[in-house]
Amino acid sequence: MIVSHTISDCRSHRASLGKLAFVPTMGALHEGHMRLVEIAREHAEKVAVSIFVNPTQFGPREDFTKYPRPIEKDLEMCRAAGVDLVFNPSVEQIYPSGHSADGALTFRSEDKAGAVAPESPPAHVVIDLPQLSGVLEGRFRRGHFQGVCQVVAKLFNIVCPDVAVFGQKDYQQLRILTCMVEELNWPIQIVACPTLRDSDGLALSSRNRYLSPPERQRALAINRGLVAAQNQFAEGVRQANRLVTTAQNVIMEGASPGRVSLLIDYVAAVDAMTLRSVEMIQSPAVIAVAARVGATRLIDNVILTP
Ligand code: AMP
């Protein structure tokens, strides 16, 4: 397995790989990521994974600095899965002239010494799909999807994949990146991977490791709520507000002052393509949830197809 830490090294190795499927990640790999790798393998002979905790998609009060970075274990998992190329750059490789993590511009040390005046921020390209990025997560994580588009665009131009695989767990991200590739005529096939869950229903996520055992128990209510809505949909209910209310009620069931706190940011029923709110579900739709369990923010969703 080739492990590249620089853009030039990654590019020179990529040149000899032929048809390539790519799985971008922030590391702290779990079985969900490895499922993406399996799907990648079904689409191309060679598979590349990137491991990069991207500062520009984190907000000022988010977990960028404490985000887990178990790089040796991640590389071991990639090796075991037969990954051909891992791209694991430093923040300086990707943002040589600084970036705007945590809401404040950060410059390289030589820049701080005067090469770039603080009032001359780097001229970043902003890719935004406002109709898709302004809703759901976008309302709670300002600038998040601009950061995602920025880093994925850079990674696509460095890795030059033929196929890229993303998880439905981050449904809005998948939709935005699919549209980005279409809008910019990138010759990359975007493939979606269904959400992988633990046996108790909790969607696998790198952030699950923040949960204490009682918090994890409480977090199961998110999936229970989504399953309840899904069952109601299967029984023929098509009014979005009824499905949303069912999910909300199940998620909040058992909430009591002494228990682990679970605060819902949103439960929403949206059109699967436009991400606009729907009233009646007559074409594919998504019920999306974001909730904070203790200090950990989790997202999950189900796709409903009439
Ligand atoms: P992350 O490392 O969280 O940025 O995720 C990297 C990729 O893995 C994204 O495309 C995610 O949607 C995908 N992913 C994360 N968790 C899961 C999961 N439980 N099932 C399927 N895909 C996932």
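Count residues from 1 along the sequence. As the structure lists them, so they are numbered: ligands from 1, and atoms in each ligand from 1.
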Legend entry - Linked, directly or transitively: Met280 and Val270 (ILVMFWY side chains, under 4.5 Å): no
Legend entry - NZ or CZ of Arg69 within 45° of Phe64 ring axis and under 6.0 Å: yes
Legend entry - Main-chain N/O of Ala48 paired to Asp84 side chain as donor or acceptor, under 3.5 Å: no
Legend entry - Close approach, Arg197 and ligand 1, non-hydrogen under 4.0 angstrom: no
Inset, instruction - Answer with yes or no whether Ala28 contacts ligand 1, where contact means a heavy atom under 4.0 Å from a ligand atom. - result: no
Legend entry - Under 3.5 Å: donor-acceptor pair, side chain of Ser206, backbone of Ala28: yes
Legend entry - Polar contact flag for Gly167 and ligand 1 (N/O pairs, less than 3.5 Å): yes
Legend entry - Arg41 side-chain N/O to Ala21 backbone N/O, donor-acceptor pair under 3.5 Å: no
Legend entry - Gln217 side-chain N/O to Val260 backbone N/O, donor-acceptor pair under 3.5 Å: no
Legend entry - Heavy-atom pair of closest approach, residues Pro70 and Pro68: CD-C, 3.4 Å
Inset, instruction - Could you pull out, from Thr25, Leu36, Ile299, the option with a heavy atom nearest to atom 13 (C) of ligand 1? - result: Leu36
Legend entry - From Glu31, Arg207, Gln173 - option closest to atom 9 (C) of ligand 1 by heavy atom: Gln173
Inset, instruction - Look only at interatomic distance and state if Lys169 has a nitrogen or oxygen under 3.5 Å from any nitrogen or oxygen of ligand 1. - result: no
Inset, instruction - Tell me which protein heavy atom sits closest to atom 14 (N) of ligand 1, plus the residue, atom name and distance to 0.1 Å. - result: Asp170 OD2, 4.2 Å
Inset, instruction - Would you mind listing which atoms of ligand 1 come within a distance below 4.0 Å of any non-hydrogen atom of Leu204? - result: 16 (N), 17 (C), 18 (C), 19 (N)
Legend entry - salt_bridge(Arg35, Glu38) N-O dist < 4.0 Å: yes
Legend entry - Protein heavy-atom partner closest to atom 21 (C) of ligand 1 - residue, atom, separation in Å: Pro194 O, 3.6 Å
Legend entry - Tyr210 six-ring centre to Lys66 NZ/CZ under 6.0 Å and within 45° of normal: yes
Inset, instruction - Could you tell me whether the side chain of Arg175 and the main chain of Thr274 form a donor-acceptor pair under 3.5 Å? - result: no
Inset, instruction - Please could you name the atoms of ligand 1 that His30 approaches to less than 4.0 Å, counting only its heavy atoms? - result: 15 (C), 16 (N), 17 (C)
Legend entry - Polar atom proximity, Met26 to ligand 1 (N or O, under 3.5 Å): yes
Legend entry - Polar proximity ligand 1 side, Leu196 side, N/O cut 3.5 Å exclusive: yes
Inset, instruction - Measure the distances from the heavy atoms of His33 to every atom of ligand 1 and state whether one is below 4.0 angstrom. - result: yes
Inset, instruction - Report yes if some N/O of Phe166 lies less than 3.5 Å from some N/O of ligand 1; otherwise report no. - result: no
Inset, instruction - Under 4.0 Å from a heavy atom of Pro24: give me the atoms of ligand 1 that qualify, with their elements. - result: 6 (C), 7 (C)
